[in-house]
Asker: 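Please see the structure below; I have some questions.
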Amino acid sequence: MATGFDPSGRLPDFFTSTSTSSFTQFLSQAAPELLPGRRPLPPGLSADIAPHGTTIVAIATADGVVMAGDRRATMGNLIASRDIKKVHPADAYSLIGIAGTAGIGIELIRLFQVELEHYEKIEGAMLSLDGKANRLAAMVRGNLGAAMQGLAVVPLFAGFDLSPSDPARAGRIFSFDVAGGLYEETGYEAIGSGSLFAKSALKKRYRAGLSTDDAINLAVEALYDAADDDTATGGPDVTRKIYPVVMTATASGTHRLSDEEITTVAERVVAGRMENPGG
């Protein structure tokens, strides 16, 4: 229950105040216990009792950005889920993916989506891409206490910049550290336990100005390479028809590839690796 209610039922002043366009700041006043980083935790490390998700890759293209994530979540040495979705639209022109504690990550995504929508309703305008990244960095920073107890979550944020300083680089990618540090990446980025192997694959194949279709293929191949060397990353599951979630953000908005589209791409990558396992 939100704190500070008058027994008569009158809403506190901050419910009707327009002094802030940040939903997260409003929630910190109305019901701070609902924020992911304010949740009381038992002493000790909690990393092994919560499912963890990996791996996410993002690639800048000539038209915007592509983001893809594998579908596996692990809990210690066990597979907690084979079909978790770790890549989501943040708003009409941006994408967010998470690695780390799955439950807190999904909660962070939902809160960030509301944060952006709330700002747009209050201000009557959309936040700039830099503004969105800064808001997300503050939310990650608010989870630092839980992260120190093993419940860390790190997002990857990317989007199409509607007012870019360089029109040729409208697709932009931002990474974060567990303390909320914000870094803009050039070309591509990967997070999660398989990121070392995914970035190695991207490093060899990435070229500036990639088409969206080529970037989609490259993203799926990078996730395949990550799954080949990282047990926490799930590769294309041909038997169960479980394939990566792949989304794009362009001038036309965000788009998630349909099951039919990603099946075609994933099966082509798997068939290619049958002939040449090393890629």
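Predicted model only: the values in this text are computed from it and were never measured.
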Asker: Would you mind reporting whether Thr263 and Tyr243 have side-chain heavy atoms less than 4.5 Å apart?
Answerer: yes
Asker: Could you walk me through whether Lys203 and Tyr188 pass the side-chain contact (heavy atoms from CB on, under 4.5 Å) test, one step at a time?
Answerer: CA-CA 8 Å; Lys203 183 178 182 180; Tyr188 61 86; 3.4 Å; yes
Asker: Indicate yes or no: at least one non-hydrogen side-chain atom of Ile216 is less than 4.5 angstrom from one of Thr248.
Answerer: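 Contact flag for Ile216/Thr248 side chains = yes.
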Asker: Which value, rounded to the nearest 0.5 Å, describes the distance between Asn134 atom CG and Phe157 atom CZ?
Answerer: 10.0 Å
Asker: Would you name the heavy atoms of Ala158 and Val65 that are closest together and state the gap between them?
Answerer: CB-CG2, 4.0 Å
Asker: Could you tell me whether the side chain of Arg169 reaches within less than 4.5 Å of the side chain of Thr186, counting heavy atoms only?
Answerer: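 Sidechains of Arg169 and Thr186: in contact.
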Asker: Take Leu95 and His88, measure what side-chain contact (heavy atoms from CB on, under 4.5 Å) needs, and give me the verdict at the end.
Answerer: CA-CA 6 Å; Leu95 307 168; His88 299 264; over 6 Å; no
Asker: What are the two closest non-hydrogen atoms of Ala68 and Val246, and how far apart are they?
Answerer: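 Between these two residues, the closest heavy atoms are CB-CG2, 3.8 Å.
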Asker: Cluster partners of Ile84, using ILVMFWY side-chain heavy atoms under 4.5 angstrom, listed by chain and number?
Answerer: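 For the cluster that includes Ile84, the remaining residues are Ile106.
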Asker: Given side chains that start at C-beta, do those of Met139 and Asn143 come closer than 4.5 Å, heavy atoms only?
Answerer: no
Asker: Can you give me the closest heavy-atom contact between Thr55 and Ser195, atom names plus distance?
Answerer: CG2-N, 3.8 Å
Asker: What distance do Ile59 atom CD1 and Leu202 atom CG have between them, rounded to the nearest 0.5 Å?
Answerer: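 Output value for this atom pair is 5.0 Å.
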Asker: Side chains of Pro155 and Leu136: closer than 4.5 Å at any heavy-atom pair?
Answerer: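 The answer is yes, as the side chains (C-beta and beyond) meet within the 4.5 Å cut-off.
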Asker: Take the angle between the ring planes of Phe160 and Tyr93 and call it parallel below 30°, perpendicular above 60°, tilted in between.
Answerer: tilted
Asker: Do Leu182 and Ile109 land in one hydrophobic cluster if side-chain heavy atoms of ILVMFWY residues count as linked below 4.5 Å?
Answerer: yes
Asker: Under 3.5 Å, side chain of Asp230 to main-chain N/O of Gly194, donor-acceptor pair present?
Answerer: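 Between the backbone of Gly194 and the side chain of Asp230 there is a qualifying donor-acceptor contact (under 3.5 Å).
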Asker: When you compare the side chain of His255 with that of Met247, does any pair of heavy atoms fall below 4.5 Å?
Answerer: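 Met247 vs His255: side chains apart.
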Asker: Same cluster or not: are Val270 and Val220 linked, directly or through other Ile, Leu, Val, Met, Phe, Trp or Tyr residues, by side-chain heavy atoms under 4.5 angstrom apart?
Answerer: yes
Asker: For the residue pair Lys132 and Phe174, establish whether any side-chain heavy-atom pair is separated by less than 4.5 Å.
Answerer: no
Asker: Would you sort out whether Val140 and Val154 count as a side-chain contact (heavy atoms from CB on, under 4.5 Å), showing the intermediate values?
Answerer: CA-CA 7 Å; Val140 174; Val154 178; 5.8 Å; no
Asker: For side-chain contact (heavy atoms from CB on, under 4.5 Å), just list the numbers for Asp225 and Arg273, CA-CA rounded to whole Å, side-chain angles, deciding distance to a tenth of an Å, and then say yes or no.
Answerer: CA-CA 10 Å; Asp225 287 333; Arg273 292 307 177 90; 2.7 Å; yes
Asker: Leu257, Tyr224: one ILVMFWY side-chain cluster at the under-4.5 Å cut-off?
Answerer: yes
Asker: For Thr74 and Ala232, work out which heavy atoms get closest and say how close.
Answerer: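 Heavy atoms only, the tightest pair is CG2-CA, 3.8 Å.
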Asker: Can you give me the closest heavy-atom contact between Glu261 and Arg256, atom names plus distance?
Answerer: OE1-O, 4.5 Å
Asker: For Arg172, is there an ion pair with Asp130 - N to carboxylate O distance below 4.0 angstrom?
Answerer: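 Looking at Arg172 together with Asp130, the answer is yes, because their closest N to O distance falls below 4.0 Å.
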Asker: Using the rule that Ile, Leu, Val, Met, Phe, Trp and Tyr join whenever any side-chain heavy atoms are under 4.5 Å apart, tell me whether Met126 and Leu116 fall into a single cluster.
Answerer: no
Asker: Is there a path of hydrophobic side-chain contacts, each under 4.5 Å between heavy atoms, that joins Leu108 and Tyr119?
Answerer: yes
Asker: Please lay out, stage by stage, how Thr250 and Asp63 fare under the test side chain to side chain donor-acceptor pair (under 3.5 Å).
Answerer: CA-CA 6 Å; Thr250 66; Asp63 304 311; over 6 Å; no
Asker: Gln113 and Ala90: which non-hydrogen atoms are nearest, and at how many Å?
Answerer: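 Taking every non-hydrogen atom into account, CG-O, 3.7 Å.
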Asker: Hey, does Ile262 have a side-chain heavy atom less than 4.5 Å from the side chain of Val245?
Answerer: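 No. Closest side-chain heavy atoms not under 4.5 Å.
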Asker: So, Asn217 side chain and Asp213 main chain: donor-acceptor pair closer than 3.5 Å or not?
Answerer: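 A pair under 3.5 Å: yes.
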Asker: Which one of Val153, Val87, Ile56, Ile104 satisfies the side-chain contact (heavy atoms from CB on, under 4.5 Å) criterion with Ile98?
Answerer: Val153
